[in-house]
Amino acid sequence: MAGLGDSLLMQQLPSLLVAVPLSFVPLLYFLEKVGVPARGAALAGMGLCLLLSFLPWVEGTELPISASPGGWGGLLGIELLLDGRARLFLPVISAGVFVSALFGTRWSQRWPLSFYTLVFLLFTGANGLLLTNDLFNAFVFVEIAGIATHALVAFRGDGDGLESAFKYLMAAAVGGILILWGIVLVFTATGTLWIPLAAERLADAPPVFVAGAAVLLASGIALKGGLVPMHAWKADGLAGAPSAVAALLSGPILTALFGFGLRILYGLFGGFPVMEGASAVTGGVEGSFGVLGSAGEVRELLRGMVFVVAVSSIVAGHVMALAQSRMKRMLAYSSIAHMGYIVVGVGAGGEAALAAALTHAITHAFMKVGWFFVCGELRRTRGTDRIAAARGAFREAPWLGGAAILFSMSLVGIPPAAGFGSKWVLVLESANAGAWGGAVAIAAGGALALPYYLRIVVRGFEPGRPRAATPVPWDSSESPSCPEPAAELAAELPEGAPPHDTTGALGVRAVAILVCAALILGGFAGYGLLFSEAFSVATELVGSVL
Amino acid sequence: MRTGWALLFSVALVGCGIVTLIAGVDLDTHGAIFDYAHHSVQHTGAVNVVSAVLFDYRGLDTLGEATGVLATGLVVAVLAPKARTSMLSVRLSLVVLYGVALVLPFVSVLGFAVILFGHVSPGGGFTGGVVLASTAVFFAVVYTVGGQQSYVLPMDTQKRIENAAIAAFLLVGFGGLVTGGAFLANAATGIPLGEPGSLLSAGLIPLLNLVAGMKVGVGLAIVVVCLFSE
Amino acid sequence: MSVRLTAVVGTVAGSQPSGFWTHALEAPVLDWPGVFLAAVFLVYVAAAGLYLAGTQPRRTRGWWICAGVHAGGAVALPLAGDLLTFFILWELVTLGAVGVLWLEPGAPRMVRAYLPVQLVAAAALMGAIGMHVAAGGTLAITGEGLIGGAGLALLAVAIKAAVFPFHVWLVNTYPQSRPATAVWLSAFGTKVGVFALLRLLPDSGLELAGAIVAVVAVIYALSRRTLRGFLSFHIVSQVGFMIAGIAALSGAGVPGGVYHVGNHIVYKGLLFMVAAVLIERRGSENMYLLRQGESTASPKPAQRRDVLLLVAAAVGALSISGVPPFNGWVSKSLIKDAVEWPATYYLLIAGSAGTAASFTKFIWLGFVSSVVPDPLRRLSKRRSGRGRGKDSSAERAGSVEIAAGPEGSESAESAGSAGSAGSAGSAGSAVAEPAGRPGGDIARVGLVRGLAMGALSLLCLLMGLQPSWFLPPAAEEFEATVAAAVSGLWPVLLGVGFFFLLYGRCVPALERLPSGEGVARGAIAGFRRAIRAARELHNGDLRRQLGWAFAGLAAGWVLLLVFV
Amino acid sequence: MGAIIMTTVLGLTGIAIYGLLTRRHLIRLVICFNVLEIAVLLAIVYAGFVEGGQAPIVGGAEAAYVSALPHAVALTAIVIAASSTALMLAYVVRIYRTRGSVRIERVRRWRG
C-alpha cells in the first residue's frame, strides 16, 4: 500500500465517499435496463463503498483529509473534511447500510430498483453529513438522507406505513427548518458557511445571536435525533417502517446525525468547557460559547439544559419502552434512551467521556440494527411485530434467539457484549465529571431496560405458537380499521413476485443478523482497540479545534 | 394542542426572534461574504454569478438537491397508481385546448433558452427546468381525456432522462476529478473558459446547467403529473 | 501487576493502549477471605451437584448452564482483583439465578420478585463504583473499600444480601422454586452480597444493624409455616450475624464473619437438602403437616433412611444453632467476642436463642410430632387453637388456610409449584399429594443424595472441630475451652426452653406480623400508573409532537436569552 | 427596508408555527410548513442584500452587486422544500385513499 497515502484516491477520498454511492443511483437504473439485477449490483456497490470507507484506516494515512469539490476550498466553495471522527464513523455507516441492504432482500423483491436507489441516496446523505464542513451543504445532505429515509418508511404503501412516514416527514422537515434557521443566523452573523471560518468570526458576534443559533441548531438536531422533548414522533415514525428501514434509521442515520452534531458542537461552538474532574489533557476549551458568558453561568446553564434533556430522554425512553406491546415501537423508545446516554457523555465534557459517547454511538448502531433484524425475522414468521406473537419463535430458530439474547445483553449493558464497555466508561466518566444525575440515570437505565428485552426473549423461548400464527403476506395490513387497498396493491404486483418471501433469502438475512452478533461480541473482545481508537480520535478532535 | 398553548409558543418564539434580530441590527454581513461578483468571471467565466455559485463553487449542493428531486419522483411514482385519474376528466373548452397548443411551443423554447443562457443572463438550470416542467403539466392537464393520462414523453423516457442527467452530472464530476484534481472541477480541468458573456463560455457550467435543467424539468414533471393522477 | 490486555490489541492496531482495559484488569486478590470463600463455594458446588444428580426430573442443559453461570460467578467473585471484574461477576451471579428461575415451573412470579430488585442492586453497584472513581479511587480492590458512593454500595449490598427490609425477593423466590433448585440457589446469592460488604465497605460500622436484622428475621422465621419459607428467613437472620461480624471493629470479627459465611453455606445447604427430602417424602411443605402426610401416604416409612435423614437434619440444626462441637458455634463465638457494644452482644444472643428455638421446632415437627407443645394451653384447655393434635386433619388444614399469611395465600396463587399449604388446605385433606406432582423433585438415586448430605454433615463437624485448618493463621486462634462451650450452649438451651414452654402461646401473635409485601405491591402499582400516564401523554397527535418540540425550543431559547 | 422584511419573516414564522400547532387539516399543515420555509428563505435572501446593489449579473461597468451566495443557497433550499412538499402531498393523498379523510385524527393510529 505504499504511496497510497499521497495518491489522488486518498486526496479526493472525501469527495469519492459522497460521489461513489451517488453514482450507483443512475448506474443501477441503466444496469437494470441491460438486464443486470439491481440487487446484485447494489450489493456489489455497497461492498465497494464499504471498502472505500476503510481506506482512511490504512497505515500512514494522514488525517484530516480535506477535499473540495470544484477545488475552491472552504471559503469559496464546499469543503469536505475527513477527520478522525469521520474515520471512526464511516465504516459504521457503511457496514450498517450494507447489512441492512442484505437484510432488506424482502423489500428488494418487489421494487428492487427503487429500494436500492433510495438506500444509496440515504447512504450518500449519511456520508455527506458526516464529512461536510459546510453548514448549508450539511443541510442539503441531512435533507437528502431524510427524504430517502421516510420515502423508505412509506414504501410499503399501506396505511400504517404512510402514517409513520407522514409523521416522520413532518417532524424531520420541521427539524430541517430549525437547522436552516440556525444556519441563517450563523450566516447572518458571520457571512460565511464554512464552519471553521464561521467559528472564528462567531467569537465576535453578539452573544444573543450566538445563543439563538446554538439553540436552533441544537433543537433541529435533537428533533431529528429524537431527544426529549422532541422525541414524540420517533416511535410513531418507526412503527410502520419495514424492519430493514428501521434499522437503517436507527443505525447509520443516527450515527451520521451524531457525527454532524459533534461537528457543530466542537467545530462551530468550540464544545462544552471541560467540567471539573473530567480527564482532559487539553484543559478548558474556549469556543464561541465563550461569547455567551464569560462569567460561566451561561455555560453551566447550557450544560444543565443538556443534562436535563439527556436524563429525561433516558427515563422517558426506558419507561415508554416498558409500556410497549410492539417490538418496533419498543426499540424506537429504547433508541431515545440511548441517545440520552450519548448526550450525557457529550455534555460531561472531557476526552474520555466524549470517547465513551463516540463508542456508545457505534455500539448502539450495531446492536440496534441487529435487534431490528431480529424483529424483522419475527415479523416474517409471525406476520406481526407484537411481542405477544413472538411465542415460540426462538425455539424454532435458536440461532435467532441466541442473537436476540446477545443484542439484548449489549443494549442493557451486560458484560460479554459490547454495550457494557461503553456504558461502563460513560458511568465512570460522567460521575468523574460531576454529572451525578447522568451517571445514576445511565446506571439505572439498565435496570429499566432489561425487563422489556427479557420479556421478548422469554416469550420467544416459551413452547407453543400464538394463535393465528400463520405467516401472512407481507403487504397485508394488520389493522382491521383501515379499509386497506391491499387488493389494489396486490393487483399492481409485478408478474412473478411472490406474495411473501420464501426461505430462499433466509440465508442472506441470517448472515446479516450474525454479522451484527459477531460485531457485538467482537466489539467487547476488541474493546481495547475500539476504545483506544475512539479515545485518540476524540483527543484529536478536541485538539484540532483549539 | 390547545389554542392557548399554540399562541404562547409561537409568540414566545417570535419574541425570541425579535430580541435576536434587534441584537443583530448593526451586523454588516455583506462585507463579510466572499465577493463572488468580482472574482467569478476570472474563476469560472460565467457572467451570471448565481449560476457560477450554483454549478461551480457549490456544485455539490446542486448535485445533492438534484438527487433529492429524483428521490421524490421515485417515491411519488411508487405511491401513486399509474394511468388513472379522476381529477382531470373535466372536459375543457376548445379555446383552452387551442390556446394551450399555441402557447406550449413558446413556453418550451423559453425554458430551453433560460437553461442555455443561464450562465450569461438571469436564469439557469433550475429556473428553466421548472418552466419545462410547467409545459409537461400544461400538457397533462389539458390533453388528458377520459381519465387516460397523456404525457409529453412516455414515463419510461422521462425516467431515463432523469437518470441520464444525474449520470451526466456525475460524469462531469468524475471527469473533473481525473483531469482537474478535484471532483466537479471546472476551470482546473483545462477546459477553455471562453469569452465571458458569450454562449460558449464558462467551461462546463452550460453543460451542467443543461443537465440540471433536464433533471429538474423531468423530475418535477413526474412528481406533479403523478400527483395529478391520484 | 495488572494484565495489560490492550497492550496486545493496541500493538495490533498500532495505537497507544489506553482507556477501557488498562486500568481495569488487576490480578486476582488471593487473601484469606477470598480464597476461603471460593473454596467453600467450590466444595458446595460439588456437593449440591451430586445432590441434584440424584434428583428426578433431570434438569435440562439450559438449566445447568444457567446454574453453572450462577455458581461460577460466585466462585470467582471472591477472588476478583478489580471492581470491573467484581461487577461483571456480580452480574453473572444475578443473571445465572434469573436463568435458573426462568426455567422453573411458576417462573414468571419468581422472576418478577427477583429481577427488578436485583437490577436495582446492579445499577446501584455500578453507580457506587462510578462515584468511587469520581472521588479519586482506583478500580483495584485494595481492602480499603470505596471512598465514594458508600450509600449506593450499601443499597446494592443490602439488596443482594437480603438484609431485612430488602429481603422480600428472597422469601418470594427460594420457597417457590423446586426443592432441589432451592438447594442450589440458597448458597450463592446472599453470600456474594455479604462478601461485597467486606470488599467494598469494610468500615461500614453496621454491627448493631446486623444484630437487629438477625433478631427480627428470626422472629419472622419462627412464624413461618412452610418449610423453605422458614429456612429462607433463617438465611436473612444468619446474614445479620455475618454482617455484625464483618462490621465488628475488633480483630476477630472479620474472620468470624467470613467463617460464618462459609459455615452457613455448608449447613444451610444441608438443611435445604433435608427439607427437599422431607417435602418429597411427606408430600407437603407445611411444617405442621409433615408428620401427618407420612402417616397416611406411606404407612410404613423406611425407618433406617429416616434415621439417617434425622441425623443430617440434626447436624444442620445443631450447627446453625451454635451447639458446641459444630461449626456454627465457632463462628458465632468469634463474632460475639468481636462485637463492641453490649447491645449488639445481647441481640446476637437473642438471635442465637431464636435460631435454636426455631430449629427445635424444625426437628420436632419434622421427625417427632405434628403438634406444637404448648403447656400453657394444655393447662387452660379453653381454646382449641390450630395445631392441636386432637383436631381432625381437615380442620387443621382449613385453619391453616384461613390463617395463612401472605406467604400462604401466595403459595395458593402459584398452584402447581412445589407443594404448598394452600393447595393442601383447599383439597380439604391433609393427604399427601402424589409424589410425582408437577414441579416437584423426587429421588432418583437415594444413595447419591445421601452421599451429598453426608459429606456436608462431615464438613460441618470438621469445621467445628478443627477451625484452625480453615481460619487464617494470623487471626486470633479460637480456643475450644469449656467457657466457650458454655457461652455457646446457654442461648441454645434458652431457645429450646422457649420452644417447649412459650412457642405455642406466641404463634398467633407471630403469624400476624406485618410483611413488606404491601410496600412492594404499592411500588409496582405506582410504577404502572406512571407508565399509564406517560402513555396518555404520547397520544400520537402530530400537533402535540410538534408542540412539544416548539415548547422545548422556546423554553431553551427564552432561558438562554434571560441569562445572556 | 430591513425592518419590513424582518417583520414579514417573523410574522410568517409566528403564523406558521401557530398553524402547525392548531390546524386539523393535513393539507393546511403542509401549507404551514411551506410558510415556515418561505420565512427562512426570505431571511436567507435578505442576508445577502446590499443597499442599492444590482442583481449579480456582472456587466461591463464596476458596480455594487448583492451577494450571489444567498441566492444560490435559497435556490437549493427552495428545491429541497419543494421535494419535501411534494412528498407530503403524496402522503396526504395516499392517507386520504387509505383512511378516508385528511383530518389529523386519521393519523393517530400509532400512539402510546
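A, B, ... follow the sequence lines: proteins, then strands. Residue 1 opens every chain.
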Problem set entry | Under 4.5 Å from any heavy atom of chain A - which part of C:Ala534 | both

Exercise. What's the shortest heavy-atom distance between C:Gln545 and A:Asp236, and which atoms?
Worked result: NE2-OD2, 2.6 Å

For this session: Kindly indicate, with the supporting measurements, whether the criterion side chain to side chain contact (heavy atoms under 4.5 Å, CB included) is fulfilled by C:Trp557 and A:Leu216.
Result: CA-CA 8 Å; C:Trp557 204 348; A:Leu216 283 165; 3.8 Å; yes

Exercise. Below 4.5 Å, heavy atoms only, C-beta onward: do C:Trp548 and A:Val228 meet side chain to side chain?
Worked result: no

Exercise. Closest approach of A:Pro451 and C:Leu119, non-hydrogen atoms and distance?
Worked result: CD-CD1, 3.7 Å

For this session: Heavy atoms only, distances under 4.5 angstrom: which of C:Ala124, C:Gly556, C:Pro116, C:Gly127 has the most pairs with chain A? Name it, please.
Result: C:Gly556

Exercise. Does the side chain of C:Glu91 come within less than 4.5 Å of A:Met409's, by heavy atoms?
Worked result: no

Problem set entry | Heavy-atom contact with chain C under 4.5 Å, split by part of A:Val208 | both

Exercise. Measuring from A:Met320:CE to C:His538:NE2, what's the distance to the nearest 0.5 Å?
Worked result: 4.5 Å

For this session: Find the distance between CZ (A:Phe166) and CG (C:Leu542) and round it off to the nearest 0.5 Å.
Result: 6.0 Å

Problem set entry | Part of A:Val174 lying under 4.5 Å from any heavy atom of chain C | side chain

Problem set entry | Top of C:Arg535, C:Arg528, C:Gln118, C:His132 for chain A proximity - count of heavy-atom pairs under 4.5 angstrom | C:Arg535

Problem set entry | Engaged part of A:Leu448 at the chain C interface, taking heavy atoms whose separation is under 4.5 Å | side chain

Exercise. So, A:Phe461 versus C:Trp102, ring centres under 6.0 angstrom or not?
Worked result: no

Problem set entry | 4.5 Å side-chain heavy-atom contact, C:Ile88 and A:Trp424 | no

Problem set entry | Non-hydrogen side-chain atoms of A:Lys423 and C:Met126 separated by less than 4.5 Å | yes

Exercise. Would a 4.5 Å heavy-atom cut-off, applied to side chains only, mark A:Leu454 and C:Val98 as touching?
Worked result: yes

Exercise. Side chain, backbone, both or neither: which part of C:Leu125 has a non-hydrogen atom closer than 4.5 Å to chain A?
Worked result: neither

For this session: Could you tell me which non-hydrogen atom of A:Ala443 sits nearest to which non-hydrogen atom of C:Ala123, and how far apart they are?
Result: O-CB, 3.0 Å

Exercise. In Å and rounded to the nearest 0.5 Å, what is the CG to CZ distance from A:Leu223 to C:Phe550?
Worked result: 8.0 Å

Exercise. Top residue by heavy-atom pair count (under 4.5 Å) with chain A, among C:Gly62, C:Ala549, C:Gly552, C:Ala555?
Worked result: C:Ala549

For this session: Please state whether the side chain, the backbone, both or neither of C:Leu553 comes within less than 4.5 Å of a heavy atom of chain A.
Result: both

Exercise. Which atom names give the shortest non-hydrogen contact between C:Gly130 and A:Val427, and what distance separates them?
Worked result: CA-CG1, 4.3 Å

Exercise. Among C:Leu152, C:Leu561, C:Ile129, which residue forms the greatest number of heavy-atom pairs with chain A at distances under 4.5 Å?
Worked result: C:Ile129

Exercise. What part of A:Ala439 is in contact with chain C, defined as an atom under 4.5 angstrom from a non-hydrogen atom: side chain, backbone, both or neither?
Worked result: neither

Exercise. Which distance, rounded to the nearest 0.5 Å, do you find between the CD1 of C:Ile531 and the CD of A:Gln324?
Worked result: 9.5 Å

For this session: Please flag which part of A:Tyr168 lies under 4.5 Å from any non-hydrogen atom of chain C: side chain, backbone, both or neither.
Result: neither

